[in-house]
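What follows is one structure encoded as C-alpha cells, with my remarks underneath.
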Amino acid sequence: MTPQEVVSFAKENGALMVDYKFMDFVGIWQHVSVPISEFGEDTFEEGQGFDGSSIRGWQPIHASDMILLPDPATAKMDPFIAVPTLSLICNVFDPITKEDYTRDPRNIARKAEAYLKSTGLGDTAFFGPEAEFFIFDDVRYDSTSNQSFYMVDSVEGAWNTGREEFPNLGYKPRHKEGYFPVSPTDSQNDLRNEMVMELQKVGIRVECQHHEVASGGQAEIDMRFSSLVDMADQLQWFKYVIKNVAYRNGKTVTFMPKPLYGDNGSGMHCHMSIWKDGQNLFAGDKYGGLSQMALWYIGGIIKHAKALCALTNPTTNSYKRLVPGFEAPVNMAYSSRNRSASIRIPMMSTNPKAKRIEYRTPDPSCNGYLAFAAMLMAGLDGIENKIDPGQPLDKDIYGLSPEELKNIPSAPGSLEEALKALEADHEFLLKGDVFTPDVVEKWIEYKMEAEVNPVRMRPVPLEFALYYDI
C-alpha cells in the first residue's frame with residue numbers, strides 16, 4: 001500500500017490507534033502507540049521520535065534521539081489489541097546523519113537485498129524458516145547471589161505420568177516420541193489450529209502444523225517462503241501471534257533452543273534459494289538437482305559457518321542444542337535427503353521452482369533480519385569466490401567413526417567460540433556496507449558482556465550435585 005492507501009485502510013477498519021513496531025538489536029520486537037488523530041500521510045516522511053539510548057546495543061544517552069519511519073507495505077490490523085489498532089513495521093532513521101541507522105536489523109536486511117541486486121547474480125533471495133517452539137503450562141525461574149533455579153511444566157510432559165491430576169488421564173508423549181501422534185496424546189492440536197487461524201488473519205500463508213519430537217509441548221507451524229525482508233517481518237509476526245494466542249489460553253510459549261534436558265531442542269531450519277527474472281537459479285544438473293551456483297552458495301555457508309553461528313545461534317542456550325554426538329546439525333556437510341547433515345537438499349519435488357537448500361543449524365532465538373542477511377552474505381561470498389563445498393556426505397553422520405569425522409568442519413561449541421569466529425571472519429558481511437564494523441563490534445561486545453560472562457560466572461544446580469561434597 002501507498003501512504004494514502006494506508007490512511008484509507010485505517011479508516012475502513014475503524015482504527016483508533018496506530019502501533020509502530022520495530023526490531024531491537026538483540027531480536028525483540030518493540031513498539032510505541034499513538035492515537036489515530038496523530039497519524040497521517042506525512043507520518044511516513046516525518047516519522048515518530050523515540051529514545052535510542054533505552055534500546056539494548058544502540059545509542060549513548062548523549063546521542064539518543066532516533067526516528068521510526070513506518071513502511072506502508074507492512075500495514076495490518078493488530079488482532080490482539082482491544083482498541084482497533086493499525087500496526088506498521090518501522091525502519092530506524094538517524095536524525096543527525098539523515099541516514100538509515102546502521103544498527104537497525106531491518107535496515108541491515110534491506111541492504112542485504114540491495115547488495116544481491118547490485119551484484120547482478122540475482123534479484124530475489126527466498127527464505128523459508130521452520131521455527132520450532134515449546135508450549136508450556138507454567139514457567140518459573142530466578143537467579144540471585146545464593147540460589148538459582150528454573151522449572152517448566154506441561155500437562156503432557158512425560159515427567160507427569162505419576163502426578164495427581166484428579167484424574168491423571170495419561171496420554172503423555174514419551175521423550176523423543178512426540179512426532180505426529182494424534183489426540184488425545186497430542187493435546188495441543190486445537191491450540192495450534194487457533195494459532196494458524198490468527199496467522200492467516202495477518203496475511204501469513206501457513207503450510208502445515210504439527211507436534212514436534214519432544215515431550216512437553218514441542219510444536220512446529222510452517223510458513224510459506226518469502227523474500228528476505230518480508231520473511232523476517234513475517235517471522236516477527238509469527239512469534240507475536242503464537243505467544244499471544246498461547247497467553248490468552250493460559251499457556252506460555254518459548255523459542256529458547258533448549259529448555260528441556262534429555263529431549264530434542266528447537267531448531268529453525270532455513271530453506272534458501274536465489275532467483276532472477278522469475279527463474280530459480282538454484283535448480284540445475286549437478287548433485288541433488290542443484291546448480292553450480294547453489295553448490296558455491298553451500299561452499300560459502302560451510303566456510304563461514306562458525307562465524308555465522310554468532311548470528312544464527314546467538315544465545316548461550318543455543319549450544320545446549322548444538323552438541324556433537326546427538327541428533328544436532330553440528331557437522332558442516334551437505335547431502336540430499338540425509339537429515340543428519342547440516343545442509344540438506346530436499347528431494348520431495350522434482351519441480352525446478354522447488355529446488356533449494358535447507359540449512360539446519362540455526363535456531364529460533366536468532367534475530368531473523370540479521371540471521372537471514374548473514375546467511376545470504378555468506379552464500380554470495382561462496383558464489384563470488386567459487387568456493388568448493390567438497391563432496392556430499394550421504395552416510396549417516398552420527399554413525400561415522402572419529403577418523404571419518406575429523407575432516408568435516410563442525411559448529412562452535414559455545415557462544416564465546418562463535419563470537420571469536422565472527423571477530424576473525426566477518427569481511428564477507430561488510431561487502432556493500434550491509435553490516436558495518438560498528439554492528440559487528442557492538443554485537444560481540446554486547447553478547448560477551450550481557451550474556452557470555454554472566455552465564456559463565458554463575459554456578460548452576462548440577463554443579464552442586466557434582467561437587468558439593470568434594
Side-chain angles (χ1 to χ4, degrees), residues 122 124-132 176 179-180 205-213 220-228 231 264 266-276 278-303 305 308 312 326-364 372 375-376 378-380 382-383 387-400 404-405 408-411:
T124 308
F126 283 117
F127 283 78
E130 301 173 9
E132 297 168 341
K176 297 186 178 293
Y179 195 69
F180 279 30
R205 183 174 171 182
V206 176
E207 296 185 326
C208 69
Q209 63 88 354
H210 58 85
H211 202 290
E212 256 299 341
V213 173
E220 181 175 321
I221 300 176
D222 289 337
M223 298 176 282
R224 180 78 168 177
F225 66 88
S226 190
S227 56
L228 191 157
M231 194 70 251
N264 283 41
S266 292
M268 191 179 77
H269 306 160
C270 288
H271 298 255
M272 293 177 268
S273 60
I274 291 178
W275 291 54
K276 187 174 184 179
Q279 298 295 313
N280 182 4
L281 304 183
F282 274 20
D285 59 0
K286 302 296 183 183
Y287 175 83
L290 292 179
S291 65
Q292 183 62 64
M293 172 186 278
L295 291 174
W296 285 333
Y297 190 100
I298 291 172
I301 294 288
I302 291 175
K303 177 181 178 181
L308 279 179
T312 62
F326 296 88
E327 291 186 18
V330 298
N331 297 295
M332 298 301 154
Y334 70 100
S335 176
S336 61
R337 300 189 65 183
N338 184 356
R339 293 174 186 266
S340 67
S342 64
I343 300 174
R344 187 174 76 96
I345 299 98
M347 303 295 288
M348 290 171 283
S349 174
T350 57
N351 186 343
K353 291 184 176 180
K355 190 55 60 180
R356 61 197 187 275
I357 70 166
E358 176 191 2
Y359 185 36
R360 299 170 65 83
T361 302
D363 69 55
F372 296 163
M375 285 186 277
L376 176 62
L380 290 177
I383 296 170
I387 297 174
D388 183 2
Q391 293 299 308
L393 190 61
D394 291 326
K395 299 179 181 179
D396 179 2
I397 295 176
Y398 307 127
L400 296 182
E404 291 175 298
L405 278 171
I408 301 175
S410 64

Do I298 and L290 have side-chain heavy atoms sitting under 4.5 Å apart? yes
For residues F180 and H210, establish whether the separation of their ring centroids is below 6.0 Å. yes
L393 CG to I343 CD1 distance, which is reported to the nearest 0.5 Å: 12.0 Å
So which atom in I301 and which in M375 form the shortest heavy-atom distance, rounded to 0.1 Å? CD1-O, 3.6 Å
Side chains of S273 and K355: does their closest heavy-atom pair fall under 4.5 Å? no
Closest approach of M332 and P329, non-hydrogen atoms and distance? CE-O, 4.2 Å
Checking S291 side chain against L281 main chain: does a donor-acceptor pair fall under 3.5 Å? yes
Minimum heavy-atom distance between I408 and A333, given as atom pair plus value: CG2-CB, 4.3 Å
Side chains of S266 and M268: closer than 4.5 Å at any heavy-atom pair? no
Is the shortest side-chain heavy-atom distance between Y334 and L295 below 4.5 Å? yes
As an exercise, state the distance from CZ of F372 to OG of S227, rounded to the nearest 0.5 Å. 11.0 Å
N280 side chain to P352 main-chain N or O, any donor-acceptor pair under 3.5 Å? yes
Would you say the side-chain atoms of E220 and H211 include a donor-acceptor pair closer than 3.5 Å? no
If you measure from CG on L308 to CD1 on I302, what distance do you get to the nearest 0.5 Å? 11.5 Å
I want to check something: taking the side chain as every heavy atom from C-beta on, are I345 and S335 in contact at a cut-off of under 4.5 Å? no
If you measure from CE on M231 to OG on S226, what distance do you get to the nearest 0.5 Å? 6.5 Å
dist F126:CZ -> R224:CZ (nearest 0.5 Å) comes out at 9.5 Å
If you look at every heavy atom in S336 and Y287, which pair is closest and at what distance? N-OH, 2.9 Å
Measuring only between side-chain heavy atoms, which start at C-beta, is I274 closer than 4.5 Å to T124? no
Answer yes or no: are there more than 12 heavy-atom neighbours, outside K353 itself, under 6.0 Å from its atom NZ? no
Closest contact, heavy atoms only, M347 versus G288: SD-O, 3.8 Å
dist D222:CG -> E130:CD (nearest 0.5 Å) comes out at 4.5 Å
Is it the case that the side chain of E132 and the backbone of G267 share a donor-acceptor pair, with hydrogens and angles ignored and the cut-off at 3.5 Å? yes
Could you tell me whether Y297 and F282 have their ring centroids closer than 6.0 angstrom? yes
Just by modelled atom types, is the T361 backbone N or O under 3.5 Å from a matching donor or acceptor in the S342 side chain? no
Does CD in E207 sit with more than 12 non-hydrogen atoms of other residues, nucleotides or ligands closer than 6.0 Å? yes
Scanning both residues in full, the closest heavy-atom pair of L228 with F127 reads CD1-CE1, 3.7 Å
Using side-chain heavy atoms (C-beta onward) and a distance below 4.5 Å, is Y179 in contact with E212? yes
Does a side-chain heavy-atom distance below 4.5 Å link C270 with E358? no
